[in-house]
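Take a look at the structure set out below.
Here is the naming used below: chain letters follow the sequence lines, and residue numbers restart at 1 for every chain. What you see is a predicted model, and the numbers here were worked out from it, not measured in a lab.
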Amino acid sequence: DGGITQSPKYLFRKEGQNVTLSCEQNLNHDAMYWYRQDPGQGLRLIYYSQIVNDFQKGDIAEGYSVSREKKESFPLTVTSAQKNPTAFYLCASTPRSGPNTGELFFGEGSRLTVL
Amino acid sequence: GIQVEQSPPDLILQEGANSTLRCNFSDSVNNLQWFHQNPWGQLINLFYIPSGTKQNGRLSATTVATERYSLLYISSSQTTDSGVYFCAVAMDTGRRALTFGSGTRLQVQP
């Protein structure tokens, strides 16, 4: 089955530690995205990538880093510089990178808790 | 960037009632989607509807792009319809990624 796989689903981290969230898609989609959701809030864009080896900052990129070395993979690193990292992180992809990207599909998300 | 406003923020219905959720946006768009987030956090695609009208069972949606709004209709609501409904849009110029509204939280009571 085609889809977007995020791992781990739950992650606990101590303050000061970096953590990397995995996102893999087998939909052959060109573009991939990372969103953050805080309790009771909407989704905010962290980073997105329209093509391999290229990515752009979203609205809340500070304290995060990404890479896109392969079309199917878009890992997100939450660094110790991120002041409030506890959140629900959602990875998504679209068939095209633009000008009309097509329908956005999401993975099941990763819940990060900083202790 | 583009602004997306959803109303109402909260809605409580009795099972069997109908409802209309609204999404207003501040600029021209070439992409508009409605999502349902279930209690486990999963985001389910409802409609990809940058313009026009679509129907899927008890749900339908209409987007009037020239007037910058979209409506989601839920008829004969069921308890399984509970959750948060998000509208998300992308402009036809500039950034291609979807911008989300803050959502409408729907609770359907038996």
Between [atom1] on residue [X] and [atom2] on residue [Y], distance to nearest 0.5 Å:
X	Y	atom1	atom2	value
A/Glu108	B/Leu43	CD	CG	11.0 Å
B/Gln37	A/Phe106	CD	CZ	9.0 Å
A/Gln56	B/Arg95	CD	CZ	10.5 Å
B/Phe35	A/Leu43	CZ	CG	8.5 Å
A/Leu45	B/Leu98	CG	CG	9.0 Å

Among Ile, Leu, Val, Met, Phe, Trp and Tyr joined by side-chain contacts under 4.5 Å, find the other residues sharing a cluster with A/Ile4 and list them by chain and number. A/Leu27, A/Phe105
Side-chain cluster (under 4.5 Å, hydrophobic types only) that B/Ile12 belongs to, other residues: none
By side-chain hydrogen bond (donor to acceptor under 3.5 Å, both in side chains) - contacts of A/Tyr48 (at least two apart): none
What part of A/Thr94 lies closer than 4.5 angstrom to a heavy atom of chain B: side chain, backbone, both or neither? neither
Heavy-atom proximity to chain B below 4.5 Å, by part of A/Arg44: neither
Is B/Ala90 close to chain A through its backbone or its side chain, or both, or neither, when contacts mean heavy atoms under 4.5 Å? neither
Nearest heavy-atom neighbours spanning A/Phe88 and B/Gly41: CE2-O, 3.5 Å
Just to be sure I understand the criterion: a residue of residues 17-31 of chain B counts if one of its heavy atoms is under 4.5 Å from a heavy atom of chain A. Which ones qualify? B/Asn30, B/Asn31
